[in-house]
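This is a predicted model, so every value here is computed, not measured. We name chains A, B, ... by the order of the sequence lines, and we start the count at 1 in each one.
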Protein chains: 2
Amino acid sequence: MKPKLSDVAKEAGVSPTTVSRVINNHGYLSAQTKQNVFDAMEKLHYQPNSLARSLKGKKTRIIGLIFPGITNPFFSELIEKLEKSLFLQGYKVILCNSADDVKKERDYLRMLLANQVDGIITGAHNLGIDEYQNTNLPIISFDRRYADKIPTISSDNLQGGVLATQTLYDAGARHIYFMGNPNQKGNPTDKRLQGYRQQIEALGLGSHVHPIYFDETPMIKQASIRRLLEKGQADGIVCADDLTAILVLQVAAMLKIKVPESLKVIGYDGTDFIRTYFPDLTTIVQPLDDIVMMLVKMLMHRIDNDEQLIDEEDFVLPISLYRGTTI
Amino acid sequence: MKPKLSDVAKEAGVSPTTVSRVINNHGYLSAQTKQNVFDAMEKLHYQPNSLARSLKGKKTRIIGLIFPGITNPFFSELIEKLEKSLFLQGYKVILCNSADDVKKERDYLRMLLANQVDGIITGAHNLGIDEYQNTNLPIISFDRRYADKIPTISSDNLQGGVLATQTLYDAGARHIYFMGNPNQKGNPTDKRLQGYRQQIEALGLGSHVHPIYFDETPMIKQASIRRLLEKGQADGIVCADDLTAILVLQVAAMLKIKVPESLKVIGYDGTDFIRTYFPDLTTIVQPLDDIVMMLVKMLMHRIDNDEQLIDEEDFVLPISLYRGTTI
DNA sequence: TTGTAGGCGTTATCAT
DNA sequence: ATGATAACGCCTACAA
């Protein structure tokens, strides 16, 4: 059996209380006793049981992370940075892949609650408001609008849409398409399209949206992109994410469409990964480090200050442009 | 406060025991009582406390995942698939990023033990044997040799090295370099280099290893690759992973070295991501789905059958070749 | 400086 | 068919 506190106590010849005190560095202990207890712990390979500890009211120091996937470089970088940052604060992370599946997200949310996590950071986006609303747990959301109780961090998607469009225009494109999810569900990312529309209008151009959905396989996206490019009307494309932009470049190469001469392409996200392995791609860069810092900071704040949200309004971080050769 | 079992009991007008019975579907309950309890649970938004439950000896249904990072597509796909598979079996996942940091890995291992996880799947690779050895927890490792008690799953790295080398040879390369970590620490991945060496010898060629380390930044790798390519001696390169291969292609383009005419390149891993977004890259494909299935299957087996490892020897899965245009 | 007792929320055992 | 009771491993008053 696993050694428990009382085993250590017996081994060290003291009471369980004393051992607990040593572990938690509580109150006054004689150096000798401390040493005895440490030796006993060492000898028995003792590990305190976090469960029992948390049951007694202590925090679990576990944060739940709910995201729609981890293979997209944007999410893998975001999650890796979050994990890193939280680890430094002494937190572990339970990773929940909502996989764009409402049921799975709900299941996970329940599990996290059942496991008494200290807080949740979520970037998933299916659930009805109430499930999240119904808990008093500190929750911070990235790029998703859940409920008034839950602060949202995002980067400036509107400005991103504007900047992408303007950048294409400045480079000479006049038939600028937007490629991404046309559904407007009220999430911050919807603003990329809004920014596009807004700027298109300001420039006196025509607005064209080519729908590409998050849950389509790359093959399907590719076929869809091909249909668009074959028409040969677009000379500029604002892609709602970098991976889509890469598919556009692939299809363009396949169709022998010259980039950027005949077609200019701009992506969105600008992760380290993409900038390193697809340095050609011009893209709107989200400030990942700042996003992570804000998410963690606000979460920590909510955890430490039991008072409800104070001036916790939504927080929008500025984006920037990375210039590759596709424009 | 959060409702507890006894609150539900009070609400439903029964004893806590009965509520527990309903929740766990234990013994005989009248349909009426059941209904009452369910209603009460619903009404109070009751969530059983997993901690208390686990403290009472129940499993936590949490699996720890220890990997050296998640941004490499190979790991992100592996982890995503593991999470998916484990979720289907009713397990949650605590994600631990060892970040190639011995201390962090040890910390995480301790935390996992403290949190009474039901098992661990690890693909990290720093720790001394003893820490893992010292526990009776079911642990399965991917591509890392820890200890005799811990079964290792891997794909056929030796054959991968052989196949990569032979493929380059068949395409006409005669000055074939290996690019990757030259240190042999006894891990399965070392065999990629061994396979290369073995085949080089069989072919009567000279063996050349250009060292690239896992923890180098892409910039550094690139500079290092550049130094090699500028010498112009290599006409074929076996890369120990796909990302390195992509850097090689970048540098080759920069130096105006024609691929595959003057230089043939083959990568290693062959994730869906790379095959989709870098379809040109010829690469050795690891059977990720099979790897995941084996990892999960063996872990479940170890968890369910308390008996110690039976014939749990290491398990090696076959690799395959994906043909792009870089050879 | 150290020990004793009770309880955190749940479940298993024994009654009824 | 349902309840009372005693654990699970730890922590925190309260004593001594």
Peer 1: Given 3.5 Å as the limit, does a donor-acceptor pair link the side chain of B:Asp118 with the main chain of B:Thr60, or not?
Peer 2: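 Pair found, side chain donor or acceptor close to backbone of B:Thr60.
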Peer 1: I'd like to know whether B:Tyr46 forms a side chain to side chain contact (heavy atoms under 4.5 Å, CB included) with B:Phe38, so could you lay out the CA-CA distance, the side-chain angles of the two residues, the decisive distance to 0.1 Å, and finally the verdict.
Peer 2: CA-CA 10 Å; B:Tyr46 172 71; B:Phe38 279 132; over 6 Å; no
Peer 1: Taking the cut-offs as 6.0 angstrom to the six-membered ring centre and 45 degrees off its axis, would you call B:Lys104 and A:Phe87 a cation-pi pair?
Peer 2: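 Judged by the rule, B:Lys104 and A:Phe87 form a cation-pi pair.
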Peer 1: Indicate whether the side chain of B:Thr189 and that of B:Arg144 have a donor and an acceptor atom separated by less than 3.5 Å.
Peer 2: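 There is such a pair (donor and acceptor under 3.5 Å, judged by atom type) between the side chains of B:Thr189 and B:Arg144.
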Peer 1: When you list every nucleotide of DNA chain C with an atom under 4.0 Å from a heavy atom of chain A, which one comes first 5' to 3', and which comes last?
Peer 2: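 With heavy atoms of chain A under 4.0 Å away, the range is C:dT1 to C:dG9.
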Peer 1: Can you tell me how far C1' of D:dA7 sits from CG of A:Leu51, to the nearest Å?
Peer 2: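 Going from A:Leu51 (CG) to D:dA7 (C1'), I get 16 Å.
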Peer 1: Select base, sugar-phosphate, or nothing to describe what B:Thr33 touches, counting heavy atoms under 4.0 Å on all strands.
Peer 2: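 The residue B:Thr33 makes sugar-phosphate contact but no base contact.
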Peer 1: Examine the side chains of B:Glu105 and B:Tyr132 and answer whether a donor and an acceptor come within less than 3.5 Å of each other.
Peer 2: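 Side chains of B:Glu105 and B:Tyr132: pair found under 3.5 Å.
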Peer 1: Within the 4.5 Å heavy-atom criterion, are B:Ile120 and B:Leu112 side-chain neighbours or not?
Peer 2: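 The answer is yes; the side chains approach within 4.5 Å.
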Peer 1: Taking only distance into account, with no hydrogens and no angle test, what donor-acceptor pairs under 3.5 Å do side-chain atoms of residues 19-28 of chain A form with protein atoms, sequence neighbours excluded?
Peer 2:
unit_1	atom_1	unit_2	atom_2	d
A:Ser20	OG	A:Asn24	ND2	3.4
A:Asn24	ND2	A:Ser20	O	2.9

Peer 1: With the sugar-phosphate defined as primed atoms, P, OP1 and OP2, and the base as all remaining atoms, what B/S/- string results for nucleotides 11-16 of chain D, 5' to 3', for protein heavy atoms under 4.0 Å?
Peer 2: BBBB--
Peer 1: Can you classify the ring geometry of B:Phe75 versus B:Phe214 as parallel (below 30°), tilted (30 to 60°) or perpendicular (above 60°)?
Peer 2: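 Answer is perpendicular, since the angle exceeds 60°.
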Peer 1: Judged by each residue's nearest nucleotide on DNA chain D, which is more toward the 5′ side, B:Leu55 or B:Ser30?
Peer 2: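 The residue whose closest nucleotide sits nearer the 5' end is B:Ser30.
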Peer 1: Round to the nearest Å and state the distance from A:Gln47 atom CD to D:dC10 atom P.
Peer 2: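 That distance rounds to 11 Å.
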